[in-house]
Amino acid sequence: MNMLISESVLTNRQCALLTVGQMAEADRRSVAAGVSSFELMANAGAAVAHEIECHWTPRPVLVLCGPGNNGGDGFVTAHVLAEAGWPVRVAMLGSRFSLKDEARQHAQRWVGEVEALSPEVLEGAELIVDALFGAGLSRPLQDQALETLAAASHGTVPIVAIDTPSGVMGDSGESLGAVPAVLTVTFFRKKPGHLLLPGRDLCGEVIVADIGTPKAVLDAIAPQTYENHPALWLANLPRATSDTDKHSRGHALIFGGYPMTGAARMAARGAARAGSGLTTIAVPEIAFPIYATVLDSIMVRPWLTPEDFGHLLNGSRFSAWLIGPGAGVDKETFGHALAMLATGRPTIIDADAITAFQDEPGALDRAIHGPCVLTPHESEFRRVFDPFGDKLTRTRAAARRCGAVVVLKGSDTVIAAPDGRAIINANAPPTLATAGTGDVLSGIILGLLAQGMSAFDSAAAGVWLHGAAAAEFGPGLLAEDLPDLLPAVFRRLYS
Ligand SMILES: NC(=O)C1=CN([C@@H]2O[C@H](COP(=O)(O)OP(=O)(O)OC[C@H]3O[C@@H](n4cnc5c(N)ncnc54)[C@H](O)[C@@H]3O)[C@@H](O)[C@H]2O)[C@@H](O)CC1
Ligand SMILES: [K+]
């Protein structure tokens, strides 16, 4: 997996994602720093042409240009490819004389015919460049744009999108009529819509091209959103040294439910493999024989009454706790979760323990006052948080409301902190869609929290490690395979 090795040389600045508004600001600041808009557009179109030449041999290309700057990039791409000897045609939505500023200047350099956009222009094309609209689209595609792209998607001709497939919204990844591209070339930094679904799937391969935007622009913009990558948290990942002993690596406690006992056991194995020095499952006495007979290094601690469980929490030996996997949705789970949160020690509230707050979400907000991670999937999220808005906005709002790090799971998991920082994860393979993988995820995050990593870093690292472990295994994955795949992922991270 060379991917991990080459990716690890990235810096966190390179993982930054910019909103459509921030990208426009980057453009303005570049111009103020002396890089003209004309030059930015020339570089953008040339970068697209370069990627096309790297991916395909010369063939008839059709460039579909829109009425804004995305269309301007398209004219540059057409010009550069034609200069390189490729057979190029251009079709445009509207008139090239209605283009403004640098887009107009670049369009004037195109001496060939400009056909009117319609599905008929697709005839004979063996590569299509979608330069109709960029990421800032605010209304659905319609008429000729919609019909032409729809017709293009019915054929087998590859589509290369400039900035985003037209119709994908850069801030949310939502689609207003976009069709899938095989390659998307964007500029300076990705936007959230390149990673959030369905945008990510519609983009195909994404290449980020340098178009001469000065790097200092990023400091001025101070982005708050990142693509998940080890560059963001590797330096803070706990590592054992020669003076480490098991107690200094933390002690994770998991609430073990009954009769569903597998979930807590898988979480415990995730915590232990993530490096927790000691891992204990606290179980109702009736379940003790079930847990104890199938666990070795992981300890099992029986409790008889809820008061016993409370006393356990008030002892000082545990450094982080988790409740949720297999806990059951009932008053007891609600009470145990509140007892954990009341200690102010690092706590993960997952699965049933999230749902246990569905009638009283305010109680969750009031109880959180220490480091805390919530790990809902979409249905659990909707039971306790506002379901409106795109995934990034919703997760941020939830984190701000409750004061915890919120991990809204899925193929495009979003991790948000109460202070507004957010990370989008894109390394999770679809094989993770199987029972119990969420239990292992909360266990991995617990193992990192127990070792003293911050809640936001633990959540980001845990989500990434979980995805990398699943990718390591490939098809046929079961949740119980995941903990044992972590050592290979760690080995590569540290190599
Ligand atoms: N750093 C940057 O921001 C750079 C941006 N560049 C390009 O500029 C693009 C952004 O340019 P623009 O802001 O002009 O955006 P677009 O090129 O997407 O054009 C927007 C125009 O289309 C119209 N429009 C929007 N939705 C429509 C719909 N559904 N049907 C019909 N018309 C619609 C709008 O009224 C507006 O006139 C980027 O995507 C990128 O390709 C590059 O030239 C280089 C640098
Ligand atoms: K486009």
Side-chain angles (χ1 to χ4, degrees), residues 18-33 35-49 51 63-77 79-80 91-96 98-107 117 128-149 152-153 159-171 174-191 193-194 199 202-204 206-215 217-218 221:
L18 298 190
T19 62
V20 173
Q22 287 171 327
M23 199 58 110
E25 189 185 340
D27 215 6
R28 280 194 299 276
R29 287 181 179 275
S30 302
V31 172
V35 189
S36 71
S37 307
F38 183 87
E39 199 180 335
L40 287 173
M41 187 172 282
N43 292 343
V48 178
E51 290 305 329
V63 184
L64 309 177
C65 293
N69 289 338
N70 199 246
D73 295 350
F75 274 102
V76 177
T77 304
H79 181 74
V80 175
M92 191 179 166
L93 179 68
S95 156
R96 75 161 116 177
S98 61
L99 290 167
K100 295 196 183 69
D101 306 324
E102 61 275 13
R104 187 186 183 102
Q105 290 171 280
H106 281 293
L117 189 73
I128 295 166
V129 178
D130 164 10
L132 286 172
F133 300 107
L137 196 76
S138 55
R139 51 200 162 109
L141 297 182
Q142 53 207 17
D143 305 331
Q144 294 304 323
L146 186 68
E147 286 164 29
T148 308
L149 286 175
S153 74
I159 300 175
V160 176
I162 302 187
D163 198 16
T164 52
S166 299
V168 168
M169 295 173 77
D171 289 347
E174 287 159 322
S175 170
L176 299 175
V179 302
V182 292
L183 172 68
T184 294
V185 183
T186 190
F187 314 116
F188 186 48
R189 289 293 179 277
K190 288 183 198 169
K191 299 175 188 70
H194 291 116
L202 290 162
C203 285
V206 177
I207 303 253
V208 182
D210 179 0
I211 55 168
T213 312
K215 300 289 174 280
V217 158
L218 210 56
I221 292 176

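Atom set for the values below is all heavy atoms of this structure, side chains included, hydrogens, waters and symmetry mates excluded. Order of listing sets the numbers, starting from 1, for every ligand and every atom in it.
Within the listing of ligand 1, atoms 1 (N), 3 (O) sit less than 4.0 angstrom from a heavy atom of Met23. For ligand 1, the atoms closer than 4.0 angstrom to any heavy atom of Met41 are 43 (O).
Inter-residue side-chain proximity for His79 and Val76 is flagged as unmet; no heavy-atom pair is nearer than 4.5 Å. Side chains of Arg189 and Thr213 form no contact here, defined as non-hydrogen atoms less than 4.5 Å apart. The shortest distance between side-chain heavy atoms of Leu183 and Glu51 falls below 4.5 Å. Between Asp27 and Phe188, the closest side-chain pair of non-hydrogen atoms is not below 4.5 Å. Residues Pro165 and Thr184 meet the side-chain proximity criterion, which asks for heavy atoms closer than 4.5 Å. Side-chain contact between Phe75 and Met92: present, with at least one pair of heavy atoms (C-beta onward) separated by less than 4.5 Å. Contact check for Glu102 versus Leu40: no side-chain heavy atoms found under the 4.5 Å cut-off.
Inclusion of Gly134 in the set of residues having an N or O under 3.5 Å from an N or O of ligand 1 is warranted. At a 3.5 angstrom cut-off on N or O pairs, Ser138 does not count as close to ligand 1. Residue Gln142 has no N or O atom closer than 3.5 Å to an N or O atom of ligand 1.
By the definition of a contact as any protein heavy atom under 4.0 Å away, atom 6 (N) of ligand 1 is in contact. Distance check on atom 43 (O) of ligand 1: some protein heavy atom falls below the 4.0 Å cut-off.
Seen from the K ion (ligand 2), atom O on Ile162 and atom O on Thr164 lie at an angle near 70° (rounded to 10 degrees). One finds an angle of 70° at the K ion (ligand 2) between OD1 on Asn70 and O on Phe133, to the nearest 10 degrees.
Heavy atoms of Asp163 found under 4.0 angstrom from ligand 1 belong exclusively to the side chain. Residue contacts with ligand 1, taken as heavy atom pairs separated by less than 4.0 Å, involve Asn70 via backbone and side-chain atoms alike.
If you check which protein heavy atom lies closest to atom 34 (C) of ligand 1, you get Arg139 NH2, 4.0 Å. Of the protein's heavy atoms, Pro140 O, 3.0 Å lies nearest to atom 29 (N) of ligand 1. Looking at atom 25 (C) of ligand 1, its nearest protein heavy atom turns out to be Leu137 CD1, 3.7 Å. For atom 45 (C) of ligand 1, the closest non-hydrogen atom on the protein side is Ile211 CD1, 3.5 Å. Protein heavy atom in closest approach to atom 8 (O) of ligand 1: Asn69 CB, 3.1 Å. Atom 41 (O) of ligand 1 has Asp73 OD2, 2.5 Å as its closest protein atom, hydrogens excluded (heavy atom only). Nearest non-hydrogen protein atom to atom 20 (C) of ligand 1 is Gly68 CA, 4.4 Å. What sits closest to atom 3 (O) of ligand 1 on the protein, heavy atoms only, is Asp27 OD2, 3.4 Å.
Distance alone, capped at 3.5 Å, is enough to place a donor-acceptor pair between the Thr77 side chain and the Gly45 backbone. Looking only at distances, a side-chain donor or acceptor of Asn70 sits under 3.5 Å from a matching main-chain atom of Ile162. Of the possible donor and acceptor atoms, none in the side chain of Asn43 sits under 3.5 Å from a partner among the backbone N and O of Asp210. Of the possible polar contacts, one joining the Asp130 side chain to the Ser166 backbone as a donor-acceptor pair under 3.5 Å is found. Put simply, the side chain of His106 gets close to the backbone of Phe38: a donor and an acceptor are under 3.5 Å apart.
Ligand 1 has Pro67 within reach: a non-hydrogen atom of the residue lies less than 4.0 Å from it.
Counting only non-hydrogen atoms, the option in Phe133, Phe187, Phe188 that gets closest to atom 31 (C) of ligand 1 is Phe133.
Taking 3.4 Å as the criterion, Asp130 counts as a coordinating residue of the K ion (ligand 2), since one of its N, O or S atoms falls below it. The nearest N, O or S atom of Ala161 is not closer to the K ion (ligand 2) than 3.4 Å. Using a cut-off of 3.4 Å, one finds that Pro165 contributes no N/O/S atom close to the K ion (ligand 2).
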Item to complete: Given side-chain contact (heavy atoms from CB on, under 4.5 Å), test Thr148 with Leu64 step by step and report yes or no.
Response: CA-CA 9 Å; Thr148 308; Leu64 309 177; 4.3 Å; yes
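Residue Ser95 comes nearest to Ser98 through the heavy atom pair O-OG, 2.6 Å, listed as atom of the first residue, atom of the second, then distance.
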